[in-house]
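Whatever order the structure lists them in is the order used to number ligands and atoms, beginning at 1.
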Amino acid sequence: MGKIAKNLGLYLILIVLVVSMVNMFLTPTQAPQTYIELSYSKFLSELEEGRVSVLQIRNNTTPGESSSVVLRGELRNGDKFLSYGVDAEVIASEAARKGAIVTIEPPLKTSWWVTIVSSLFPTLLLIGVWVFFIYNMQGGGGKVMSFARSKAKMFMDNRGKVTFADVAGCEEAKEELQEVIHFLKDPSKFSRLGARVPKGVLMLGPPGTGKTLLARAAAGEAEVPFFSVSGSDFVEMFVGVGAARVRDLFEQARKHQPCLVFMDEIDAVGRHRGAGLGGGHDEREQTLNQILVELDGFDSSTSTILIAATNRPDILDPALLRPGRFDRHIVVDRPDVKGREAILQVHVKGKKMASDVDLGVLARRTPGLVGADLENLINEAALLAARRDKENIGMDEMEEGIERVMAGPERRSRLISDRERNIIAHHEVGHALVAKKLPDCDPIHKISIVPRGHAALGYTLQLPDEDRFLVSRSEMLNKISILLSGRAAEEIVFGDVTSGAANDLERATKTARQMVMELGMSDRLGLVRLGHKEEEIFLGRDIVEDRNYSEEVACAIDQEIRAIIDSCYAKAKEILGENRDVIERVTAVLIEREVLDGDEFDALLRGETLPPIDGTAKAEPAAAGVDLSKGEAADFTA
Ligand code: ADP
Ligand code: MG
Ligand code: ZN
């Protein structure tokens, strides 16, 4: 809750207190119990008969209201009385005539402002509560009516800011951005020649590849003001607020030209119009329309450049991508080996690394990881080194960091029964053995039955030697066989199967479906792209846009997927059936040691026995976790 919202709450409570106190003091206090209350007629008769000795008259009558005169006094017998009557003057003169001591008190009147405040109080309270909630909803900040202000953060001075040196592994993207930077540095050079400079640059790429970082670096390089705003900042409860914010953002930008406006996660507002479930996209559409209007308003004298980033270009509204709008696309892809090495290089700067750390090796072991993962990996390694009281970060910690990032931290503290460990070990050895026996498979890096993360009970880690961009049909079939071989091992060895293969089956099915529907790898269905790419509900286009094939084809797809799965499963079972003795031998060692690396696994396959475990490092007493319902065996093939 913002500070202002808190203050507001305080003020509210204060107001309530003050008003109730004022009310308390100013309401006429009730007469003490010692008074006897007389009816007006009784009072008149007492007065008539001269029994009133003292009388105080207070005329509370206000103009336009029914009269109210408070009469207080004492009877001759000593009784105090209280009465209410009308016509103060008549009573006063009558009482004086009868020999009573008469005092006339000034009318008790609440001052006008108290009257106003107390009558307005409920309204004020409502307004207060409303404002209070608005502030809470907005997370505080700003003046009361600042909805329409854009929430852009402006970074004006670029000292200590990010530069291109902090971004590695995306050279093409940097080059593309260079042009933008040249323009921002000297807009006149371009306008003199009448060149049309892109106004909108869209950066596309998976999460964590450094899009946000690149945009900030571009601003740092160009040394111009940098407005950063996230798409979700425009999404508000009230219709029109988002659009007003966009307007305000561009107004500010115009004042600071040349400058760079960065809209992160633009998919939050730039989604296909008319998409999603239910109605009520008015707010988002208005915001998007406003962005388009502002972009169209750029002319040759404008030297503002809008950079947007998204990891869901597929759901963006086509209007955003039209020429003249976000017409320059920069793809920021997952880094390759060299890129990963360079990124590691950037992030080990300022960290104490041991001399045995070979970033090249680490880069080769981390296919598929993006910049954010690599940064995380190094951080994990540093934390580990600190926990181990080491002087510097060694290769061991880095290796452990990779596994943590890829599969979550080890969880040795969960107990797994011997029976289950036996099953899990057979399952994992099944994966590893089939991966070894099938041709052209990625080498085994590690087999483990130490649980990791929240779901994996054991895992077999295969790492490719190099980055892959193409996958052949036979490789995909092998992958399915490997995925299914854990289950196959369970069936062959125990004659029964467990829920542990759930994740394997899911991934195998997905791969098979992809082969049939997207990649034209099924002879029966041929080279046809079937169906649309699955869209997430809420994110993508309308969900009604779906099948582009007939009922018969749907049936054939299912049969074909079944056929692929069945034949791959048969192949896995065949390989494992021929190697029963090897399975048992490797499994026994795995249960003892809990972890086998690739070399140890190879040695076991050659029939060698492993040297006894040195020291304490590896096999600590068995402890692991059970969560079979979630499925186990994360077989990490990048
Ligand atoms: P994105 O916006 O694409 O999701 P970010 O720019 O937020 O990714 O990246 C998150 C973090 O990961 C960055 O702050 C940076 O530390 C690190 N990172 C990502 N990509 C790179 C890269 N190419 N070079 C250096 N660091 C990177
Ligand atoms: Mg980002
Ligand atoms: Zn498995």
Exercise. Do Thr498 and Glu490 get their side chains close enough for a donor-acceptor pair, meaning under 3.5 Å?
Worked result: yes
Problem set entry | Metal site the Mg ion (ligand 2): N/O/S of Thr212 inside 2.8 Å | yes
Exercise. What atoms of ligand 1 come closer than 4.0 angstrom to any heavy atom of Pro207?
Worked result: 4 (O)
For this session: Please say whether more than 12 non-hydrogen atoms of neighbouring residues, nucleotides or ligands are located less than 6.0 Å from NZ in Lys571.
Result: no
Exercise. Within the structure, does Ala168 bring an N/O atom to less than 3.5 angstrom of an N/O atom in ligand 1?
Worked result: yes
For this session: Compute the minimum heavy-atom distance from Gly208 to ligand 1 and say whether it is under 4.0 Å.
Result: yes
Problem set entry | His256-Phe227 aromatic ring centre distance below 6.0 Å | yes
For this session: Give a yes-or-no answer on whether the side chains of Asn379 and Glu375 include a donor-acceptor pair shorter than 3.5 Å.
Result: no
Seminar exercise, completed: Row for the Zn ion (ligand 3): angle NE2 (His431) to NE2 (His427), 10° precision, value 100°
Problem set entry | Glu403 bridged to Lys446 by N-O distance under 4.0 Å | yes
Exercise. Nearest to atom 8 (O) of ligand 1, what protein heavy atom do you find, and at what distance?
Worked result: Gly210 N, 3.2 Å
For this session: Output the list of atoms in ligand 1 that are nearer than 4.0 Å to some heavy atom of Val167, sorted by atom number.
Result: 23 (N), 24 (N)
Pair up each side-chain donor or acceptor in residues 342-364 with any protein partner under 3.5 Å, not counting sequence neighbours, and list the distances.
from   : atom 1 : to     : atom 2 : distance (Å)
Lys351 : NZ     : His347 : O      : 3.4
Asp358 : OD1    : Gly360 : N      : 2.9
Asp358 : OD1    : Val361 : N      : 3.4

For this session: May I ask you to decide if the ring planes of Phe494 and His426 are parallel, tilted or perpendicular, using 30° and 60° as cut-offs?
Result: perpendicular
Exercise. Is there a donor in the side chain of Asp264 and an acceptor in the side chain of Thr212, or the other way round, less than 3.5 Å apart?
Worked result: yes
Seminar exercise, completed: atom 6 (O) of ligand 1 sits nearest the protein heavy atom Leu213 N, 2.9 Å
For this session: Name the option, out of Glu375, His347, Arg216, that contains the heavy atom nearest to atom 26 (N) of ligand 1.
Result: His347
Exercise. Mind checking whether Thr209 has an N or O less than 3.5 Å away from an N or O of ligand 1?
Worked result: yes
Exercise. Evaluating non-hydrogen atoms only, which member of Gly371, Gly339, Cys170 is closest to atom 21 (C) of ligand 1?
Worked result: Gly371
Problem set entry | From the candidates Leu374, Asp166, Thr212, the one that places a heavy atom nearest atom 2 (O) of ligand 1 | Thr212
Exercise. Is it true that Glu179 and Arg328 have a side-chain N and a carboxylate O under 4.0 angstrom from each other?
Worked result: yes
Exercise. Is it true that some N/O/S atom of Asp504, main chain or side chain, lies under 2.8 Å from the Zn ion (ligand 3)?
Worked result: yes
For this session: Work out whether the distance between some heavy atom of Ala309 and some atom of ligand 1 is less than 4.0 Å.
Result: no
Seminar exercise, completed: for atom 12 (O) of ligand 1, nearest protein heavy atom and its distance come out as Ala372 CA, 3.2 Å
Problem set entry | Arg404 and Glu400 ion-paired at < 4.0 Å | yes
